[in-house]
Amino acid sequence: MQLTLEFGGGLELLCESVKIHKVNVDPPNGAEKFIMKDLLSWVHTNLIKERPEMFMKGDSVRPGVLVLVNDCDWELSGQLDTTLEDKDVVVFISTLHGG
Amino acid sequence: MEEAVTKPTKKGGGRLCCICNKRRAALKRPKTLEQICRECFYEVFEEEIHRVIVDNQLFKSGERIAIGASGGKDSTVLACVLAELNRRHNYGLDLFLLSVDEGITGYRDDSLETVKRNEVQYGLPLKIVSYKDLYGWTMDEIVKMIGLKNNCTFCGVFRRQALDRGASLLKVDKVATGHNADDIAETVLLNILRGDIARLSRCTSIVTGEDGPIPRCKPFKYTYEKEIVMYAYFKRLDYFSTECIYSPNAYRGFAREFIKDLERIRPRAILDIIKSGEDFRISTSTKMPEQGTCERCGYISSQKWCKACVLLEGLNRGLPKMGIGRSSRGLNNDPKKDKDMKQRNGTKSIENKQCGSLDF
C-alpha cells in the first residue's frame, strides 16, 4: 500500500532534507495489517540517514515528536497500534528545535 | 488558511469533539486531556492566551509592544496570535517584530528570511539589530576566535542586551517573548540543577525586568509546546526549524528530554513544575546579587562591568576566556580594582551555561 510521509520541524534533516516521501509498504510477514509500530521501524531502516536518536526512542518516536495520521493526533487513534490504510498521510513534526 | 484535506477515516472511531460534539476530534489537549476538533482548538487556544493577557494585565491600551521574533515556531505563533487578539479584542496595541541577527551564516540569515515574510504576512513592522552593529563582532567571527567552547555564553549574553537595545530603538513599552510552558518548566529544573537561586526565583514570573529599562512578558507561560506546534501546523504557519549550527546544548538538552519523558507519562507535570517554581520560597539568609549599572555602558549589572562588556573586552584584547568560568582573570574579579568584587566572585551564574536563547 502507498503512504505519504511528511517530516517537519527539523526532522527532515534526518532524511536528506526531503520533507515529503511517497512510499510503498507491506504488512510484515504473516501479519494482516500494517500498524504505526511497523511504520516506525520501516522509517528507521529506510528513511532515516543520520542521528536516529532524534527520531526514535525505544520502539516509539522520541517524546516531543508529534505524529498525525490523516491530520489527526495519533494520541486519539491508538499511537503505535494505529492501523494504517492505503493512501494514508502520516506527519512527523519535531517540537524540539528552537523557538 | 488552506485547509488540509481530511479524508473520512475509521481511526479513533471518528471520535467527536468533546466541546462542539459535532466535528471529528483532531487532537488531545495535553493540559486537559480533552479531545477536540480543529475549530474548537483554535478557539480555546487563542482565548486561553487572551485570558492570560487580561488576568495578568500584560498590556495596556496605547502601548507599543515588540515581539521578540526568531522565525521559530513559538515567536511565529505568538506574532500571529497577538496580531489576531489585538484586532479581535481591541487591545489598542502597536505591535512590532524585533529580531536579533547574531551573524551566523546558514542559520540566522535563513531564519531572518522567515521573519521578513512574517512582517508581510501579519502586517507588523520589523526591526533587526545585529551583533556586528552593536558589538563589532558577528558570532561567526567570535567562534573563529574562541572555538566552539563557551560560544553560547557570548551569544546568550549579547542577545539579551541586543533585544533591549532594539526595544529602546523601537521605543516600545514592553517586549513579549515566545517562551512556552515547556521552556519555563525546563528552566525551573535547570536553575535548581545549577543552584541558581536568583534565576530560580524570577524564571517563572510572567513579567520580568519591571525595574529595568524595558519589561518583558511571556504570554505563552501556560501554553504547551505541543499545542503551539499543532496550531502552527494546522494553520500552515511559516516558521523556521533548524538547530543553531554552533549549539551543543548538552545540559539543557538533558533537562528538555527529561521534561518530555515526564510529559508523555503525565502531561500535567509541566504545569506542576512551573507551580513548584512559583511557590519556592527563598530563605532570607540566601545572598542575592545586587542590581546596579555597568560603569562602562550603563546597562543593568550586578557587577562593576556588565557581562557583555567583560566578554567584549576579552574579545577585543585577544583574551576570549575573560569572563568565562571562575578564573580570576576576569576584570570584575581583579582584587586590586574592587575588594567587594572579590568576595562575590561574580561569574558563577554564567559558567557552563549552554545556549542562551532561552535565558530569562
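Every heavy atom of this structure was used, including side-chain atoms; hydrogens, water molecules and symmetry mates were not. In what follows, chains are A, B, ... by sequence order, proteins preceding strands, each numbered from 1.
- Heavy-atom neighbours of chain B within the stretch residues 37-46 of chain A, taken at a separation under 4.5 angstrom, are nonexistent.
- Only the side chain of B/Glu257 comes within less than 4.5 Å of a heavy atom in chain A; its backbone stays farther off.
- The nearest pair of heavy atoms linking A/Cys72 to B/Arg24 is CB-NH1, 3.5 Å.
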**Request:** Step by step, work out the side-chain contact (heavy atoms from CB on, under 4.5 Å) result for A/Ile93 and B/Met230.
**Result:** CA-CA 9 Å; A/Ile93 313 170; B/Met230 284 285 190; over 6 Å; no

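- Under the 4.5 Å side-chain criterion, counting only non-hydrogen atoms from C-beta, B/Pro30 is not in contact with A/Glu75.
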**Asked** Hey, mind stepping through B/Tyr233 and A/Asp71 against side-chain contact (heavy atoms from CB on, under 4.5 Å) and telling me if it holds?
**Response** CA-CA 9 Å; B/Tyr233 173 74; A/Asp71 269 347; 2.6 Å; yes

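- By the 6.0 Å contact criterion, NZ on A/Lys49 is enclosed, its count of non-hydrogen atoms from other residues, nucleotides or ligands being greater than 12.
- Across every non-hydrogen atom of B/Leu27 and A/Leu76, the tightest pair is N-CD1, 3.5 Å.
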**Request:** Run the numbers on A/Ser77 and B/Arg15 for side-chain contact (heavy atoms from CB on, under 4.5 Å), then give the verdict.
**Result:** CA-CA 9 Å; A/Ser77 58; B/Arg15 245 174 284 199; over 6 Å; no

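- Closest approach of A/Gly64 to B/Lys260, counting heavy atoms only: CA-CD, 3.8 Å.
- Counted within 6.0 Å of CD on A/Glu16, heavy atoms from surrounding residues, nucleotides or ligands total 12 or fewer; the atom is thus considered open.
- Side-chain atoms of A/Thr95 do not come within 3.5 Å of backbone N or O of B/Lys226 as any donor-acceptor pair.
- Listed for the A/Asp73 side chain is a donor-acceptor partner under 3.5 Å among the backbone atoms of B/Lys28.
- If you measure heavy-atom distances from A/Ser17 to chain B, you find no contacts under 4.5 Å at all.
- For CZ of B/Phe258, the number of neighbouring non-hydrogen atoms (other residues, nucleotides, ligands) closer than 6.0 Å is 12 at most.
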